[in-house]
Amino acid sequence: MSKMKVEVIPCSATPLIYDEEKCIGCNACAEICQCDIILEKGKPPIVMFPGECYYCGACVMVCPKKGALRLQHPVMNRAKFVSVKPEPEN
């Protein structure tokens with residue numbers, strides 16, 4: 001049997017953030033991923049093609065360990081809302 005060599009593809013996107021202390025290595029995230037960007041490689045899985053992520057959140061929703069995985073949208077897709085305070089009347 002030949003071994004397959006795998007390397008992570010560099011990308012400016014970091015769609016998935018794993019907390020290695022909370023991840024139990026169940027690979028449920030890799031099994032549910034529609035884009036097949038997650039490689040089952042133990043604890044935590046490897047995000048092979050981060051630029052291909054749909055940001056659907058299915059991996060986060062299926063994770064049995066709360067806080068072990070979070071989705072991080074690209075900076076350009078994040079919205080920051082600033083509350084507008086009414087100006088004081090003089």
Side-chain angles (χ1 to χ4, degrees):
M1 178 185 287
S2 64
K3 290 188 177 185
M4 179 173 60
K5 184 178 178 183
V6 179
E7 293 180 19
V8 176
I9 305 299
C11 181
S12 61
T14 310
L16 303 175
I17 308 295
Y18 285 93
D19 183 333
E20 292 187 35
E21 291 182 15
K22 294 179 181 177
C23 178
I24 59 174
C26 68
N27 291 310
C29 54
E31 293 172 16
I32 196 88
C33 182
Q34 302 173 51
C35 311
D36 292 327
I37 67 165
I38 306 170
L39 178 66
E40 297 176 19
K41 185 79 172 162
K43 181 181 167 178
I46 297 172
V47 180
M48 289 299 302
F49 306 102
E52 300 295 319
C53 182
Y54 290 167
Y55 298 93
C56 68
C59 54
V60 177
M61 290 186 280
V62 76
C63 182
K65 193 77 170 161
K66 186 174 178 142
L69 175 61
R70 67 183 172 92
L71 191 62
Q72 178 175 268
H73 288 271
V75 174
M76 63 186 268
N77 292 355
R78 297 181 208 166
K80 182 175 181 179
F81 295 97
V82 179
S83 62
V84 178
K85 296 179 183 175
E87 292 185 26
E89 293 180 26
N90 292 336

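Side-chain atoms are counted along with the backbone in the values below, which use heavy atoms only and exclude waters and symmetry mates.
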Could you list the residues that satisfy side chain to side chain contact (heavy atoms under 4.5 Å, CB included) with Glu31, not counting sequence neighbours?
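Glu31: side chain to side chain contact (heavy atoms under 4.5 Å, CB included) contacts with Glu40.
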What's the separation between atom [atom1] in [X] and atom [atom2] in [Y], rounded to the nearest 0.5 Å?
X: Gln34; Y: Glu52; atom1: CD; atom2: CD; result: 13.5 Å
X: Met48; Y: Asp36; atom1: CE; atom2: CG; result: 12.0 Å
X: Cys59; Y: Asn27; atom1: SG; atom2: CG; result: 12.5 Å
X: Leu39; Y: Cys33; atom1: CG; atom2: SG; result: 11.0 Å

same_hphob_cluster([X], [Y]) at 4.5 Å side-chain heavy-atom cutoff:
X: Leu69; Y: Ile46; result: yes
X: Val62; Y: Tyr18; result: no
X: Ile32; Y: Ile38; result: no
X: Ile37; Y: Leu71; result: yes

Give me the atom names and distance for the closest heavy-atom approach of [X] to [Y].
X: Glu20; Y: Lys43; result: O-CE, 3.5 Å
X: Lys22; Y: Lys65; result: O-CG, 3.0 Å
X: Pro45; Y: Cys23; result: CD-SG, 4.2 Å
X: Pro64; Y: Ile24; result: CG-CD1, 4.0 Å

With sequence neighbours excluded, tell me which residues meet ring pair (Phe, Tyr, Trp, His ring centres under 6.0 Å) with Tyr55.
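Here the qualifying residues are His73.
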